[in-house]
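All values reported here derive from a predicted model rather than from experimental measurement. Counting from 1, the numbers follow the sequence of the chain as shown.
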Amino acid sequence: MKLNHRLLSAVCSGALLTGLLSGCGGPGTDFDGTNQTTSDTDTLRLYIWGEYTGDELIETFEEEYDCHVIVETFDSNEMMYTKISSGDRYDVLVPSDYMIERLMNEDFLQPLDREVITNFDLLDPNIVGLEYDPDNTYSIPYFWGTVGIVYNKNTVDRADLEEQGWNILTNTKYQNRLYLYDSERDSFMMAFKALGYSMNTDKDDEIEAAYEWLCNVNNTMHPVYVTDEIIDNMINGTKDIGIVYSGDAAYILSENEDMSYYCPTQGTNIWSDAMVIPKNAPNSDLANEFINYVLTYDASYDNTEEVGYTSSNAQVAADVYGEGGIYEGNEAYVPRSDYELDEVFRDNEYLRQRLSELWIKVKAGGTA
């Protein structure tokens, strides 16, 4: 679900573009619970976020399993959902937590084969058994992290952050000096947390209060709404405060020693992206093998080294963060865990619709 700091081309290992376009998508197929099969048993179709794999992950898997991997990328969970719900066929998807819950609820996923996925015990216990899939029946974590504040240590008072948390975004001392990520979910999460509410609330009065809070930020602080460009801009010190996913924050901190990362004590979003297998996967056997392979130390290390997000492999994450690691001591790399006010997004159709409608109004000036 996340921004990615390296400007890589989309991976399409071993496949021509024409093969990608014709092989990943397919004719509409009903999700009737039947395990779909094709004669193309040596091909894996992976649908994943752009720039979200290590340099060697796909090629090494192809060599080890004597197979052919076709990779197609998406820009949003909603884009992925549109293709899956219209019947396009893939073997492995890597959506975010709330979207996985939606796919589960709408019966688009098949259970994983835990006899094949023998590396499950390598996972960080902080990211297994989440509420939407408590037994990891359908999902295996890929990356995880938090949403927090990257700030310039020379121009932003840490005491302000510790005292105000998300409300620093309303402190006019920092007017015209902040970036907000152009996302209704992340922005309303900040507002809900600043006001002491659950980020999964669907109470109309709390939604309205969060809307007014965001209108106040928009109209008094004049933030710049960004997506991928926030990474280079924060590295260059263009603004003093930016709302950033932790993996991108880790990269920003590694490139600019003036930057630091803070997760407000009001709580934040603990997010995860995980691997799942659709019910109509053409090659579910190879899909389970791929998921198990991604969990290995070498594959997980390759992924986190290149992409920068926290590995779901506990040993890899410890080595990357520890002495001599590529993100040694980087405070954004290791997510906060077991903090009672942090939450995982849940799928809620009413809240999803309301936030989408209100976010447009916030950026247009709202009513505040």
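- For Pro223, the side chain to side chain contact (heavy atoms under 4.5 Å, CB included) partners are Leu178, Leu180, Val217, Met221, Tyr225, not counting sequence neighbours.
- Summarising the local packing, CG of Asp204 is surrounded by more than 12 heavy atoms from other residues, nucleotides or ligands at distances under 6.0 Å.
- Proximity of Ser272 to Leu130: side-chain heavy atoms (C-beta onward) are separated by under 4.5 Å at one or more points.
- The side chain to side chain contact (heavy atoms under 4.5 Å, CB included) search around Tyr321 returns Tyr333, Val334, not counting sequence neighbours.
- Here Asn236 pairs with nothing under the side-chain hydrogen bond (donor to acceptor under 3.5 Å, both in side chains) rule; sequence neighbours left out.
- The side-chain hydrogen bond (donor to acceptor under 3.5 Å, both in side chains) search around Asp240 returns Thr155, Arg177, not counting sequence neighbours.
- Test Thr146, Asp342, Thr265 against Arg336 for side chain to side chain donor-acceptor pair (under 3.5 Å) and you get one pass: Asp342.
- Checked against salt bridge (charged side-chain N to carboxylate O under 4.0 Å, His left out), Glu101 has the following partners two or more places apart in sequence or in another chain: Arg346.
- The list of ring-ring contact (aromatic ring centres under 6.0 Å, His included) pairs with a residue in residues 112-142, not counting sequence neighbours, reads Tyr52-Tyr142.
- A side-chain donor-acceptor contact under 3.5 Å links Thr227 and Glu229.
- Taking Glu255 as the reference, nothing meets the side-chain hydrogen bond (donor to acceptor under 3.5 Å, both in side chains) condition, with sequence neighbours excluded.
- Looking only at atom types and distance, the side chain of Tyr81 has a donor-acceptor partner in the side chain of Glu106 under 3.5 Å away.
- Residues Leu46 and Tyr65 fall within the same hydrophobic cluster, defined by Ile, Leu, Val, Met, Phe, Trp and Tyr side chains chained together at heavy-atom separations under 4.5 Å.
- Applying the side chain to side chain contact (heavy atoms under 4.5 Å, CB included) criterion to Ala209, with sequence neighbours excluded, gives Leu195, Tyr197.
- A donor-acceptor pair under 3.5 Å links the side-chain atoms of Asp302 to the main chain of Glu56, judged by distance alone.
- Remark: Tyr261 pairs with no residue by the ring pair (Phe, Tyr, Trp, His ring centres under 6.0 Å) rule, at least two apart or across chains.
- Listed by chain and number, the residues in a side chain to side chain contact (heavy atoms under 4.5 Å, CB included) with Asp160 are Asp157, Gln164, Ile168, Asn171, Lys173, Tyr174 (sequence neighbours excluded).
- Between the side chains of Glu331 and Ser260, at least one donor-acceptor pair of N or O atoms lies under 3.5 Å.
- A donor-acceptor contact closer than 3.5 angstrom links the side chains of Gln315 and Asp319.
- Taking Tyr151 as the reference, nothing meets the ring pair (Phe, Tyr, Trp, His ring centres under 6.0 Å) condition, with sequence neighbours excluded.
- Leu341 shares a hydrophobic cluster with Tyr339; the chain of contacts runs through ILVMFWY side chains whose heavy atoms sit under 4.5 Å apart.
- Leu93 and Met79 fall within the same hydrophobic cluster, defined by Ile, Leu, Val, Met, Phe, Trp and Tyr side-chain heavy atoms under 4.5 Å apart, directly or through other members.
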